[in-house]
Amino acid sequence: MSAVIVVAIDAPLRRLFDYRAPPQVAPETLLPGVRVWVPFGRRRVVGVLVETRASSELPDAKLKTAIAVVDETPVFDAPLLELLRWAADYYRHPPGEVISAALPAPLRTGDSMLETTERWMLSAAARTGSLPALPTRANRLRELADFLQARESADAAGLATLSSRWRDHVRELEKRGWVTRLRVADPPPPRLAVRAGPGPSPTPEQLAAIQAISAARGRHVSFLLHGVTGSGKTEVYLRAIEEVVARDEQALVLVPEIALTPQLVARFAERFDAPLAVLHSSLTDQERLRAWRAARSGSAPVVIGTRSAIFAPLARPGLIVVDEEHDSSYKQQEGFRYSARDLALARAQRLAIPVLLGSATPSLESLERARAGKAVLLSLPNRTAGASQPQLHIIDLRRHAATQGIATPTMLSIKRHLDAGGQVLLYLNRRGYAPSLFCPACGWVAPCPRCDARLTVHQRERRLHCHHCGTEQRAPEICPTCGEAVKPVGQGTERIEETLAQFFPDVPLARIDRDAVRRRGALEAALDRVTSGEVRLLVGTQMLTKGHHFPDVSLVVVLNADQGLFGTDFRASERLAQTIVQVAGRAGRAERPGEVLIQTEYPEHPLLAQLVSGGYDAFASAALKERELARWPPFARIAVLRAEAARREAPIEFLDRAREIAAALAGPGVEILGPASAPMERRAGHYRAQLLLHAASHGPLQRLFSRWLPAVEELPEARRVRWSLDVDPLELF
Ligand SMILES: [Zn+2]
Ligand SMILES: [Zn+2]
C-alpha cells in the first residue's frame with residue numbers, strides 16, 4: 001500500500017487531487033503547506049500539498065506520481081493553511097483556487113519563496129580535470145576558472161571584480177561545462193529593534209480602549225472600536241500596534257483601499273521606524289513577492305494591506321486590525337467571494353490573538369455581535385481636540401427652488417461658509433455630467449445597447465458611458481429617432497462642478513471622482529490642494545468619504561440622499577446612513593463647528609429623521625429591530641445562487657431546476673426564495689437571475705450545500721449559464 005499526498009491545484013474544481021509522493025521521497029517527511037510539481041492533464045503544475053494519507057480512493061492504476069517537491073519548509077504554516085481550507089469550504093469555492101490565490105504569482109510557478117542570490121561554482125568535472133583544457137588564448141576564461149577554483153562559489157559582486165564582461169565569460173564557461181549556477185537562500189534579515197515615534201497623548205477614552213486591547217494579548221478577544229469621525233481611532237490602532245511590535249510580534253492591518261488612503265499609510269510609516277510590508281492590488285508581481293516575504297519572515301513588524309492581505313503569512317502574529325470594517329470593499333464580489341472582515345475574525349480565533357474592528361459607522365453585523373457579547377465594544381464618543389459633532393439639517397427639495405440640483409438655501413449656506421473662510425464639500429454619488437440624455441420632443445432616452453440601463457453623459461468628452469458595462473459612444477447632438485435637439489437630464493459631479501464654477505467664479509474648485517483622478521498621483525495632488533486650503537469648494541463621490549482629513553471643511557452638502565432611501569437591497573438604508581455619517585464627518589474636524597445639509601424630497605423618511613435626531617446609534621438600533629422582525633442578516637444567514645446567460649430564459653431554467661433539487665434535499669428551516677430576475681435584468685449583454693436561500697443559522701445551509709452543489713454542477717442546464725454561489729452576500733444582485 002503506497003502512501004498518498006493530497007494536493008490543491010489551481011483549477012476550477014471543488015476538490016483536491018491525490019498523487020503518489022515523488023520518487024525517493026518518503027511521504028511522511030512531507031509537511032502540509034509545501035509546494036509540489038505534479039502532472040495535471042497534459043501540463044506540469046505547481047500545487048500545494050495539504051495532507052498525506054495512507055491510501056487513495058483512486059484505483060492504483062489511476063494514481064499519478066508527483067514530480068518533485070519545491071520547498072523544504074511549508075509556504076503556509078498550519079493555521080493559515082487550515083484557514084484557507086476552511087474558507088474554501090465555507091464559501092464553497094474550489095480549494096486549489098483559494099490556496100493558489102493566497103500566493104504571489106511567481107510562487108505559483110515554482111519560484112523560491114525565500115530571497116535568493118545567484119552564485120557560480122566550478123563544476124565537478126572541471127575540478128577533477130576531466131574536461132578538455134580551455135584555449136590558451138582565453139585568458140579571461142582561465143582567470144575566472146582559477147578564481148572559482150580558489151573558493152567554493154562566488155556571487156555577482158565577487159565576479160564583477162574580475163571584469164566588466166564577467167557575465168559573458170560565465171556564460172561561455174557554462175556552455176563548456178566548466179561552471180555551474182546555483183541559487184542560494186539568503187540568511188534571514190536581521191531583526192530590528194523597532195522604535196515607535198512620539199504620538200499625541202491619548203484621551204481618557206482612547207486610553208481605556210488601548211488598555212483593554214493590551215490586556216487581551218495572547219488570547220482571542222474580538223473588539224469593536226466604535227469611534228465617531230475625528231475621535232482618533234487611528235491613534236488607538238497605532239498605540240495597540242506599538243505594544244505588539246514592542247513584544248516582537250507582528251500586526252496585520254487591513255484597510256479598504258490603499259490608493260484612497262495615502263494619509264493613513266503615511267501615518268503608519270511615520271510612526272514606526274521599521275519597514276512596512278504594504279500589500280495591495282496595484283503592486284507588480286515582484287513587489288508583492290517582496291512584501292509577502294517580509295511578512296512571512298517577520299522582517300516587517302507591520303503588514304498593511306487591502307482585502308487579500310488577510311491571507312498574508314505572518315511569522316509572529318500578535319494582532320489583526322480591520323479599519324473601516326463596514327466598508328463593502330472587504331467583500332470580494334467575484335470569483336472567490338469571501339469577506340476579509342469575517343475571515344479576520346476566523347483567523348484571529350485560530351491564532352488565539354485579539355482582533356480589532358474599527359469604524360465610525362459599524363456594520364449592523366458587528367454591532368449585533370457586540371450586543372450579543374461576542375465582541376467587546378470600545379467607544380470613542382467624542383472628537384479629539386475639543387471639536388464638536390456637526391449639526392445635521394434637512395433641506396426639503398419639494399419646498400425650495402433648485403438650480404441644477406442645488407437648492408436655494410443650500411446655495412446661500414455655501415456662500416456664507418465661503419465668506420467666513422471655510423471650505424465646502426459637496427457629495428454626490430454619481431459621476432459624469434448627467435445620468436441620462438433625453439429628447440424632450442419624443443421622449444427618447446439614450447439606452448445602453450448591452451444593459452437595461454441609461455447611458456451617462458460625460459460632457460467634457462462629449463461621450464456617453466455605461467457605468468455598468470463600460471460601453472462608450474459619442475454623444476449625439478440630435479435625437480436619433482426624431483431629429484430634435486437632445487438634452488442632458490439630472491446631475492452628476494461634472495455638472496455640479498460646472499454650476500458651482502458659474503456661481504462662484506473666483507473660488508478655487510476641485511472635483512474628486514474616478515474620472516477626475518484617473519492619472520497616477522492625481523488624487524494625492526487634489527487632496528494636497530484641499531489640505532493646504534488652496535481649494536475652497538470640493539465636489540466628489542464616495543471617494544471623499546474614505547477617511548481623508550480636511551481640517552477646514554465647515555460645510556458638507558449631501559446633494560441627493562434619495563438614491564439610497566428606496567433601494568431594492570435590504571442593506572440600502574444601512575449603506576446610505578453610513579455614507580451620510582462618513583461624509584458628514586468631514587465637516588468641522590478642527591476648531592470650526594461643522595454644518596451638514598442633506599437634500600431630499602422625503603424629509604419625513606424615518607431613516608433620515610433618526611439620523612438627524614439621534615445620529616448613527618439611533619439609526620442602527622432601529623435598523624437592527626427591523627432586520628430582526630424581517631429575519632434578515634445578522635438575524636439569519638443567506639446565500640444566493642446567481643446565474644446569467646446571453647439567452648434570456650436560460651438563467652431561470654437553470655435556477656428552477658436547482659430549486660427543485662434544493663427543495664428535495666433541504667432540511668427543515670431552510671427557505672428557498674425565487675428564482676427572480678435582477679431588477680436590472682440585462683447587464684453587458686447577459687440576462688441575470690438568482691435564487692435566495694435563507695436559514696436561521698449557517699449549519700442547515702452548509703449541510704444543504706454539501707449535497708446540493710454536486711447535483712447542481714451535473715445539471716445539463718448548468719452548462720448553458722454562468723453560475724456562482726455567494727455565501728453571506730453583501731448585495732442581492
Ligand atoms: Zn426625439
Ligand atoms: Zn451597459
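No hydrogens, no waters, no symmetry mates; every other heavy atom, side chains included, goes into these values. Note that the structure is predicted; figures quoted are calculated from it, not measured. Indexing begins at 1, ligand by ligand and atom by atom, following the structure's order.
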Quiz item: Charged N to carboxylate O below 4.0 Å: is that the case for R398 and E601?
Solution: no

Quiz prompt | Ionic contact status for E653 with R647, cut-off 4.0 Å | solution = yes

Quiz item: Is the Zn ion (ligand 2) under 2.8 Å from any N, O or S atom of C451?
Solution: yes

Self-check item: N/O/S from C448 sitting under 2.8 Å away from the Zn ion (ligand 2)
Solution: yes

Quiz item: Quick check: does any side chain N or O of R682 sit under 3.5 Å from a backbone N or O of P449, one acting as donor and the other as acceptor?
Solution: yes

Quiz item: Roughly, to 10 degrees, what angle do C442 atom SG and C482 atom SG form around the Zn ion (ligand 1)?
Solution: 120°

Quiz item: When the aromatic ring centroids of Y330 and Y338 are compared, is their separation below 6.0 Å?
Solution: no

